[in-house]
Amino acid sequence: MTNQDIIRWLDRIADELRANTHYLTQLDSPIGDADHGTNMNRGFSAVHAKFPTMTAMDIATQLQTVGTTLVSTVGGASGPLYGTAFLRAGSAVASKQELTASDIVAMLEAFLGGITARGKAQVGEKTMVDALTPALHAARQELDQGASIADITAKAAAAAEEGMKATIPMLAIKGRASYLAERSIGHQDPGATSSWIMLRCLAEVCADQ
Ligand code: ADP
Ligand code: MG
């Protein structure tokens with residue numbers, strides 16, 4: 001995976017978040033404040049606007065640019081969470097010209113590590129962590145079996161989708177949804193959904209290679 005593939009990935013995320021703005025905001029309506037879609041779309045539109053300067057950057061600098069852009073434009077809980085995730089993902093692949101399968105897994109690990117460092121959520125608390133944790137486990141398992149980047153990212157995306165669906169019966173413990181206590185049960189977490197979208201986009205870019 002090269003720095004041009006990172007741009008392809010980010011471009012796909014920007015497209016998908018634009019297409020799913022309403023959907024993500026709808027998910028954030030019963031258990032939040034109906035802004036997750038607009039927050040994420042604002043952030044990735046700002047990232048998209050920086051592509052002309054980002055194409056020449058190395059991978060770590062690209063990911064760190066995404067991080068700082070999200071922190072300064074997204075707002076809400078998800079801005080600092082995804083911002084820290086991309087900043088740490090960048091640090092994890094510092095000075096790499098091309099990402100191998102194990103670099104990609106290290107990047108995902110750092111991404112999730114940024115979210116948990118910032119938000120302190122654990123699995124089962126109805127957040128993006130519930131999509132990203134099974135995704136990382138699946139990716140690691142595939143890596144250990146010598147799978148290709150395409151297979152690693154496809155399995156990670158599939159596990160994130162399962163994890164996202166598994167948030168529906170969960171009681172929210174972290175974030176705005178936790179204010180609803182029992183009434184948070186029965187709704188899919190918006191952040192877990194945007195995390196799945198990002199991983200699905202990664203798998204799509206890696207499948208195209
Ligand atoms: P806000 O809740 O401030 O309106 P968003 O609507 O953009 O921000 O994002 C909400 C999402 O943020 C939730 O669906 C959840 O996945 C995620 N989230 C909230 N708090 C945490 C946390 N402490 N750790 C991980 N994810 C969190
Ligand atoms: Mg919200």
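One-based numbering, in listed order, for ligands and for the atoms of each. Model, not experiment: these values are computed from the prediction.
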Ignoring angles and geometry beyond distance, decide whether [X] reaches within less than 3.5 Å of ligand 1 through its nitrogen or oxygen atoms.
X	value
Gly191	yes
Ser78	yes
Gly119	yes
Lys120	no
His36	yes
Met128	yes

Which residue and non-hydrogen atom of the protein lie closest to [atom], and at what distance in Å?
atom	value
atom 20 (N) of ligand 1	Gly175 CA, 3.5 Å
atom 16 (O) of ligand 1	Asp189 OD2, 2.6 Å
atom 24 (N) of ligand 1	Ala121 CB, 3.4 Å
atom 21 (C) of ligand 1	Leu81 CD1, 3.6 Å

What I want to check is whether the side chains of Thr100 and Asp103 have a donor and an acceptor closer together than 3.5 Å.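 Thr100 vs Asp103: donor-acceptor pair found between side chains.
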Side-chain donor-acceptor distances from residues 41-51 under 3.5 Å, at least two apart:
| unit_1 | atom_1 | unit_2 | atom_2 | d |
| --- | --- | --- | --- | --- |
| Arg42 | NH1 | Thr73 | O | 2.9 |
| Arg42 | NH1 | Val74 | O | 2.9 |
| Arg42 | NH2 | Asn39 | OD1 | 3.3 |
| Ser45 | OG | Asn41 | O | 2.7 |
| His48 | NE2 | Asp11 | OD1 | 3.3 |
| Lys50 | NZ | Thr69 | OG1 | 2.9 |

Does a sphere of radius 6.0 Å around CD in Gln26 hold more than 12 heavy atoms from other residues, nucleotides or ligands, not counting ones at 6.0 Å or beyond?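 Atom CD in Gln26 is packed in, count exceeds 12.
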Does Pro190 come within less than 4.0 angstrom of ligand 1, counting non-hydrogen atoms of the residue?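 Heavy atoms of Pro190 do come under 4.0 Å of ligand 1.
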Between CZ on residue Arg18 and CD1 on residue Ile13, distance to nearest 0.5 Å: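 Going from the CZ atom of Arg18 to the CD1 atom of Ile13 covers 12.5 Å.
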Nearest 0.5 angstrom please: Ser102 OG to Glu109 CD, how far?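 Here the interatomic distance stands at 11.0 Å.
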Of the protein N/O/S atoms, how many lie under 2.8 Å from the Mg ion (ligand 2):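 The number of such protein atoms is 3.
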Select the closest option to atom 3 (O) of ligand 1 among Ala172, Ala77, Ala34, judged by heavy-atom distance.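 Result: the heavy atom closest to atom 3 (O) of ligand 1 is in Ala77.
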Parallel, tilted or perpendicular: ring planes of Trp9 versus Phe86, cut at 30 and 60 degrees: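 Rings of Trp9 and Phe86: tilted, 30 to 60°.
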Ala177: partners by side chain to side chain contact (heavy atoms under 4.5 Å, CB included), with sequence neighbours left out: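 For Ala177, the residues satisfying side chain to side chain contact (heavy atoms under 4.5 Å, CB included) (neighbours in sequence not counted) are Ile31, Ala172.
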Could I get the full list of side chain to side chain contact (heavy atoms under 4.5 Å, CB included) partners for Ala19, not counting sequence neighbours?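 Listed in chain order: nothing, the list is empty.
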